Number of protein chains: 2
Amino acid sequence: MTDISTRPASPTLDEVAVLAGVSRATVSRVVNDSPRVSPEARAAVHSAIAELRYVPNRMARSLVTRRTDTIALVLNEPNTQVFSDPFFASIVRGVSATLADTDLNLVLLTAQDEREQQKIGRYARQGHVDGVILMSVHSNDPLPDILADAGMPLVMCGRPFDDRAVAYVDADNRGGAEAATAHLIATGHSRIATITGPLDMIAGVDRLAGHRAALTAAGRQVHPELEAEGDFTEVGGVRAMESLLARDPELDAVFVASDPMAVGALRALRAAGRRVPEDVAVVGFDDAAVAARCDPPLTTIAQPLTDMTPLLTELLLRQIEGVGEPAESRVCHTSLVRRASA
Amino acid sequence: MTDISTRPASPTLDEVAVLAGVSRATVSRVVNDSPRVSPEARAAVHSAIAELRYVPNRMARSLVTRRTDTIALVLNEPNTQVFSDPFFASIVRGVSATLADTDLNLVLLTAQDEREQQKIGRYARQGHVDGVILMSVHSNDPLPDILADAGMPLVMCGRPFDDRAVAYVDADNRGGAEAATAHLIATGHSRIATITGPLDMIAGVDRLAGHRAALTAAGRQVHPELEAEGDFTEVGGVRAMESLLARDPELDAVFVASDPMAVGALRALRAAGRRVPEDVAVVGFDDAAVAARCDPPLTTIAQPLTDMTPLLTELLLRQIEGVGEPAESRVCHTSLVRRASA
DNA sequence: GGTCTGTGCGGGAGCGCTCTCACAGTGGCA
DNA sequence: TGCCACTGTGAGAGCGCTCCCGCACAGACC
C-alpha cells in the first residue's frame, strides 16, 4: 500500500453534520433529497456542505446501496478503426445525451483482445457498474457469457448469434438489406454484387442474408463471386470493391453493407473509371453523415439511431430497476433513403 | 431505492472464509497475495473462491484502501468527430495497451459540453478513479481546474494554456511546425499557406506559431490571408483549402496542421485541378496511418506517439504513487517524414 | 528449561455511508 | 384529558473489506 496520507482528506458526512449542528442521518437525508427535513436543518446542512466543499464518497454509498449509478458502454473491437466508424460515434453520443439528464454516469470501456475482455468482465463483476451496453459483438466474444453469468444487467446493440435470452436492440438489418437489393433489382440492374460486413458479426451476416433473400425473391441466382467480405471500414470497402471488379468487370450494381465501406467503394469505382450510378449503382447502409456529403450522394438504408439509442438505455435501466422482469428486446425499422448513387 | 433483493447475492469474504475453514483475514491475505500464508490455507482458500465464484467487492475494498485501481481518459470534445481522429484512437489504444499488463482499469469519459464536463468532474471527485488523463483541452475548459482543485492526480495530453503547475505530455508542436514550413521554404516555395488547428487548442496555437516562426526566420512576411483555421477534421480541411484557394489562387505550398485535414486539403486541391506536389506542395502533421496511404503519400511531421502514451501513463502513475512529488512534464521531439506531397 | 525470534493466523476496529427504528414533539379529534 | 397520527430527528447497526495487533506455536540459542 502506498502512502496517500499527504493527499488532503476529503470531508465526511460526520464533519458536515458537526458543522451543521445536526446528526449524520439528517445530512444524509439532505444529500439524498429526502422530504422529511425541516427547512432550517436543510439550509444549515447546505451551507456546511458548501463551506467544506463536501462531496459524498461513492464507494461508501455504493457499499450499502449496491448501486453505482454508472453504466458501461463496451466497445468490443480488435480493430482500432472502431473509433472512425460514425455508427459508434452516434451511439456513444446518443447514449451519453440520453443519460445527461439523469444522474447516471457513462463510462466507455474498450477491448482490443480477449485479455482485455476478461479484464472488462472482471471490472463489471467487481461492482463498478450497474449495467452494461455491449457493442460490436463478434461471434466468439466471451463477454456476453461472462456478464450474463454474473447476472449483470445487459443490453446488446445488435442481436446475439444464438437465440439466448439476452436483451438487445437491433436495426432490421435483414429487411433493410433486402430493401436495398430489391431497389437495385427494381431499377433494372442485372449483375448485383455486395460488399458484406465482417461475417463474424451479426449485422454482417443479417445484411448478407437480406441481400440474398432479395435476389432469391426476384428469381435471381446467388453468385458467390459477387460477394466480397469487408470490415465496415473505408479501406476495407476499397479493397473489396477492387476485388469484385477484378472478379466481374461487368457488374452494374453493388449493395455495400455500411456507408464507410460504400465511400471506399465509390473511390475504387472512380479509380477504375466507372461512373456512379450510370455504370455501377451503389447502395450503402447506415445513412451516416458522410452519405449525404460524398460524391455522388449515397442512396442508403437509414438506421433509426434516434430510436435505437434511447431504447438501448431504456431497456437497460428497466433491467436495473425491476430485476425479476424478463429481458425485453426491440428491432427497429430501417428505410431506404434515395440519393444519387442508385 | 429499488428492490434488488432478487438479484443473486454475490459471495463475500466471510463466506469464503467459512467454506475454506479459515478466517476472513486469511482469505484477504490470499486474495491480496500476501506471502505469510501457509500453502495449505492458500489452497483451501483458492478452491473455496473457485467454488463460490467469489469476486471481491471493489467498493468495500476501495472504501478502506482509498484506491480504485482505475484511471480515466477524458475526451473533452464537443465535436463528435473526436472519434474519427486517428490521433485519439492511437492514444486510447496506446494507454490501454500500457495498462493491459497492470491490474489497472481504464475508463473513457467523454464530454460534449460543459454540463458533461461538470458531471465528469463530479465523477472523479466522488472517488471513482485514482487519476485522470485529460485530452483535447480547449482554452475555456473548466475541467483542468475542477480536477486540480480536487487534488486529483492529473496528466494533460498537450500543454496547458496558462503556465499552471500541471503535469503534461506534449509533442514539440512548435518545433515540428517550424520544420514543416522550413522544409517548404527550403524546397523553393514562395507563397506558403497554412491550415491551422482550432485556435482554442494549444496544439493549434503552437503549430501556427511554429509556422510563422519559420517564415520570419527566413525573412518572409506573415500573411494573414494565407492562414485558414480548420478543426482537425477532413471536412474542415476541405473547407479551409477551398477558402485559401479562393483568397490566393497563386499559392504554391500549404502546411496543414493535421493529417486528416491534409487529406481534406488534398481532395480540395484535386477538385480545383491543382497537382500535388507540382502545383502545390503539402505537408501534414501527425504521421497518421492515412498519411502513407493517401494519394500522393503525405509528407508530414511525425508525432512520437509510441513515446507519448507510455509517458502519459507513467507520469500519472508516479503522481498516484508518490503524492508529494511535484508534477513532472515532458515534451517529445517530432520529425519530418518525407513522402511525395512535398 | 527459559528466552527469543519468526511465522501463520484470527479478532476486532473502522473506512463513510444508508437505513431502520425509536423517540420527542405537535396538532387533531373525540 | 387521552389517544392517535404524523413529522423531524438521532442513535446505532451494518454493508464487505483491509489492516493493526496480539496470540499460539515452532525452532534456535543460551
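A note on names: the letters A, B, ... follow the listed sequences, proteins ahead of strands, and every chain is numbered from 1. Being a predicted model, the structure only gives us computed values, none of them experimental.
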To the nearest 0.5 Å, tell me how far A/Asn105 CG sits from A/Leu99 CG.
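Between A/Asn105 CG and A/Leu99 CG, I get 8.0 Å after rounding to 0.5 Å.
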
Tell me which residues in residues 31-58 of chain A put a heavy atom below 4.0 Å from DNA chain C, sorted by number, or none.
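When residues 31-58 of chain A is checked for heavy atoms under 4.0 Å from DNA chain C, the hits, listed by number, are A/Asn32, A/Tyr54, A/Pro56, A/Asn57.
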
Of the options [options], whose atoms approach the side-chain atoms of [X] most closely?
{"X": "B/Leu63", "options": "C/dC17, D/dG10, D/dG16", "result": "D/dG16"}
{"X": "B/Arg24", "options": "D/dT18, D/dC19, C/dG16", "result": "D/dT18"}
{"X": "A/Val64", "options": "C/dG16, D/dG10, D/dC17", "result": "C/dG16"}

Could you state the atom-to-atom distance from [atom1] of [X] to [atom2] of [N] in whole Å?
{"X": "A/Glu15", "N": "C/dC17", "atom1": "CD", "atom2": "C1'", "result": "13 Å"}
{"X": "A/Leu13", "N": "D/dT9", "atom1": "CG", "atom2": "P", "result": "15 Å"}
{"X": "B/Arg125", "N": "C/dG16", "atom1": "CZ", "atom2": "P", "result": "15 Å"}
{"X": "B/Arg67", "N": "C/dC15", "atom1": "CZ", "atom2": "C1'", "result": "16 Å"}
{"X": "A/Arg61", "N": "D/dC17", "atom1": "CZ", "atom2": "C1'", "result": "20 Å"}
{"X": "A/Arg29", "N": "C/dT20", "atom1": "CZ", "atom2": "P", "result": "11 Å"}
{"X": "B/Gln126", "N": "C/dT18", "atom1": "CD", "atom2": "C1'", "result": "15 Å"}

Does [X] put a side-chain nitrogen or oxygen below 4.0 Å from OP1 or OP2 of [N]?
{"X": "A/Ser23", "N": "D/dG10", "result": "yes"}
{"X": "A/Ser28", "N": "C/dT18", "result": "yes"}
{"X": "A/Arg66", "N": "D/dG16", "result": "yes"}
{"X": "B/Thr65", "N": "D/dT18", "result": "no"}

Of all residues at least two apart in sequence or in a different chain, which pass the salt bridge (Lys or Arg N to Asp or Glu O under 4.0 Å) check with B/Glu15?
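Partners of B/Glu15 by the salt bridge (Lys or Arg N to Asp or Glu O under 4.0 Å) criterion come out as none, since no residue qualifies.
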
What's the shortest heavy-atom distance between A/Thr110 and A/Glu116, and which atoms?
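The pair with the smallest heavy-atom distance is O-OE1, 3.4 Å.
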
If you compare all heavy atoms of A/Ile91 against all heavy atoms of A/Cys157, which two are closest, and at what distance to 0.1 Å?
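Of all heavy-atom pairs spanning A/Ile91 and A/Cys157, the closest is CD1-SG, 4.2 Å.
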
Flag the pair [X] / [Y] as yes when at least one side-chain heavy-atom distance between them is below 4.5 Å, and no otherwise.
{"X": "B/Met135", "Y": "B/Leu312", "answer": "no"}
{"X": "B/Thr309", "Y": "B/Thr313", "answer": "no"}
{"X": "A/Glu314", "Y": "A/Val155", "answer": "no"}

Of B/His128, B/Arg58, B/Gln126, B/Met59, which meets side-chain contact (heavy atoms from CB on, under 4.5 Å) against A/Ser62?
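Output: one option passes, namely B/Met59.
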
Can you give me the N/O atom pairs linking the protein to nucleotides 24-27 of chain D at distances under 3.5 Å, or say none if there are none?
none

How about A/Asn76 and A/Ser136: does a side-chain donor come under 3.5 Å of a side-chain acceptor?
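The answer is no; no qualifying pair exists.
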
